[in-house]
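Step one of this worksheet: look at the structure below.
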2 protein chains.
Amino acid sequence: MRLNSTSQYAIRILSYIARKQDEHILSAHELSEALNIPYKFLTKIMTKLVKAEFVESVRGRDGGFRLKDDPEKISIDDVLNLFNDSIKEEQCLLGIGACDTHCKCAMHDQWMKPKLLIQKLFRESSIKDISKKGSKI
Amino acid sequence: MRLNSTSQYAIRILSYIARKQDEHILSAHELSEALNIPYKFLTKIMTKLVKAEFVESVRGRDGGFRLKDDPEKISIDDVLNLFNDSIKEEQCLLGIGACDTHCKCAMHDQWMKPKLLIQKLFRESSIKDISKKGSKI
DNA sequence: TTTAAATTCTACCTAAAGGTAGTAATTGAT
DNA sequence: ATCAATTACTACCTTTAGGTAGAATTTAAA
Ligand code: SF4
Ligand code: SF4
C-alpha cells in the first residue's frame, strides 16, 4: 500500500528541478547526490521524463535538465500516470472489481472515502505546490 | 497503490470460510474454485494462515480448514500484517520518511487524512463484517 | 489393509520492480 | 582538433511477488 519507488523518485526529481532551475541547470550528478537516488537509475528515469515531455534535456558539456512546462501545470497524478501508479476510478480494494451498487463487498463504501481523497490529493497537487521553499523533497 | 494479491486473496479466503463453515468444512479445492485462486498458490497461503493461527486445518480425507477464532476477532489489519501489507504509522508518501512537524513535504498533512481513514478502515473491519450475507467476497 | 481424498513440505519457475555496467553520441571550452 | 563533461542507448543483473510441480503425510471409509 504505497507508491512505487520510481514514482516517488520522479516526484522528488521534478520538485527539486522546479525549485532550483532558476539558479542553474540541473545535471544528473547533482540530482543523484542531492536526492540520494542511484545515479544510473536516475538517468533511466530522466530519459522517461524527457520522452514524456515533463522535462527537456541539454546534451553535452554543461548540459542537464530543466522543466519543459510551468511546474504548476504538472500534477502529481500526471507523473503517477507515467509510471502506472495512479489511483483509477475502478481501483478495487479486494481485487474482484466490476462490482455494482447491488453487489459489492462490505468494505466498498468505506473504501470510497480514502480513495477519493487520495485521487483528489494527486490531481490537485502540482509540482509547484510540493516544491515550495521550506518543504522537504 | 494497492493491496498485494496475496493479502487480497487471504481476506477473501477468510471471509468465505467464515460464511460457509457452519455448513461444512472447507477444502482447498472448494476454496480454489469458489474464489478463483490458483490451487497451488492457495494451499501455500493456507499454510501461512494455519501457522499464524487464523485457521486450523483438519488433515486427511474429509479434511479442510475452519477458523480458529470467531470471525469478529480477526481484523483486516491482522491479516495484512501477516503479509507485511498494512499501513504503518510512519508510512510515508514520498519515501523520505523521518520528517517532523518543522520539516515536511508539502503533501504530508493532506496525506494524513486518507492514511488515517485507511488505517481506521483496516483496524475496525473484521472478517465477520466483510463476510456478511449478500456482500461479494 | 488398501485406497482415495485431503493437507504439508521442499523445491523450483516466471514476471515485474529495482538497479547496474559499459559504451555511444553530443557539445562547450581549451 | 582534442578533451572532458554531459545525456542517450543497449543490455544485463538482483530481488521480490506471484505461481507451479511433485512427492510425503495423514486419515476416514470401503
Ligand atoms: S465492492 Fe469490494 S470487491 Fe467489489 S469493486 Fe468494490 S472494493 Fe472491489
Ligand atoms: S513530510 Fe512527506 S516525505 Fe516527509 S514523512 Fe511526511 S509524507 Fe514522507
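Numbered from 1 within each chain, the chains take letters A, B, ... in sequence-line order.
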Of the listed dG19(D), dT20(C), dT25(D), the closest approach to the K44(A) side chain comes from dT20(C)
Under 4.0 Å between a side-chain N or O of S27(A) and OP1 or OP2 of dT6(D)? no
Ignoring backbone atoms, test whether S57(B) places a side-chain nitrogen or oxygen under 4.0 Å from the OP1 or OP2 oxygen of dA6(C). no
Using OP1 and OP2 only, check whether a side-chain N or O of T47(B) sits under 4.0 Å from dT8(C). no
Give me the ring orientation class for Y9(B) and F41(B): parallel if the planes are under 30° apart, tilted from 30 to 60°, perpendicular past 60°. perpendicular
Could you tell me how far apart E30(B) (CD) and dA5(C) (P) are, to the nearest whole angstrom? 16 Å
Using a 4.0 Å heavy-atom cut-off, does K48(A) contact any base of the nucleic acid, only the sugar-phosphate backbone, or nothing at all? nothing
Could you check how far CD1 of I45(A) sits from C1' of dC9(D), rounded to whole Å? 16 Å
Regarding Y39(A), tell me which of base, sugar-phosphate or nothing describes its non-hydrogen contacts under 4.0 Å with the strands shown. base
L3(A) CG to dG18(C) C1': how many Å, rounded? 15 Å
Donor-acceptor pair under 3.5 Å, R59(B) side chain vs dT25(D) base: yes
If you apply the rule salt bridge (charged side-chain N to carboxylate O under 4.0 Å, His left out), what do you find for D109(B) with K104(B), and how did you get there? CA-CA 9 Å; D109(B) 291 342; K104(B) 57 189 172 187; 3.1 Å; yes
If two hydrophobic side chains count as joined below 4.5 Å and joins carry through other members, does L82(A) share a cluster with L67(A)? yes
Less than 4.5 Å apart, side chain to side chain, heavy atoms only: is that true for I11(A) and L80(A)? yes
When you get a sec, tell me which of dG22(C), dA8(D), dA29(C) is the closest nucleotide to the side chain of K40(A)? dG22(C)
Between N4(A) and G60(A), which is nearer to the 5' end of DNA chain C once each is assigned its nearest nucleotide? N4(A)
CZ of F41(A) versus P of dA11(D): gap in Å, rounded? 19 Å
Between Q91(A) and R2(B), what is the shortest heavy-atom contact and its length? NE2-CB, 3.5 Å
Value in whole Å for how far the P atom of dT20(C) lies from CG of L42(A): 12 Å
Do the side chains of I118(A) and W111(B) get nearer than 4.5 Å, heavy atoms only? yes
Kindly point out which of dG28(C), dG18(D), dT8(C) is positioned nearest to the side chain of S5(B)? dG18(D)
Classify R2(A) by what it touches in the nucleic acid, base, sugar-phosphate, or nothing, heavy-atom distance under 4.0 Å. sugar-phosphate
Just how far, in rounded Å, is P of dA17(D) from CD of Q8(B)? 14 Å
From CE of M46(A) across to P of dA8(D) the rounded distance in Å is 8 Å
Options dG28(C), dT8(C), dG18(D), nucleotide nearest the side-chain atoms of T6(B): dG18(D)
Within the 4.0 Å heavy-atom criterion, would you say F83(B) contacts the bases, only the backbone, or no part of the nucleic acid? nothing
Rounded to whole Å, please give me the gap between CZ in R61(B) and C1' in dT26(D). 13 Å
Taking OP1 and OP2 of dT7(C), is either one under 4.0 Å from a side-chain nitrogen or oxygen of T43(B)? no
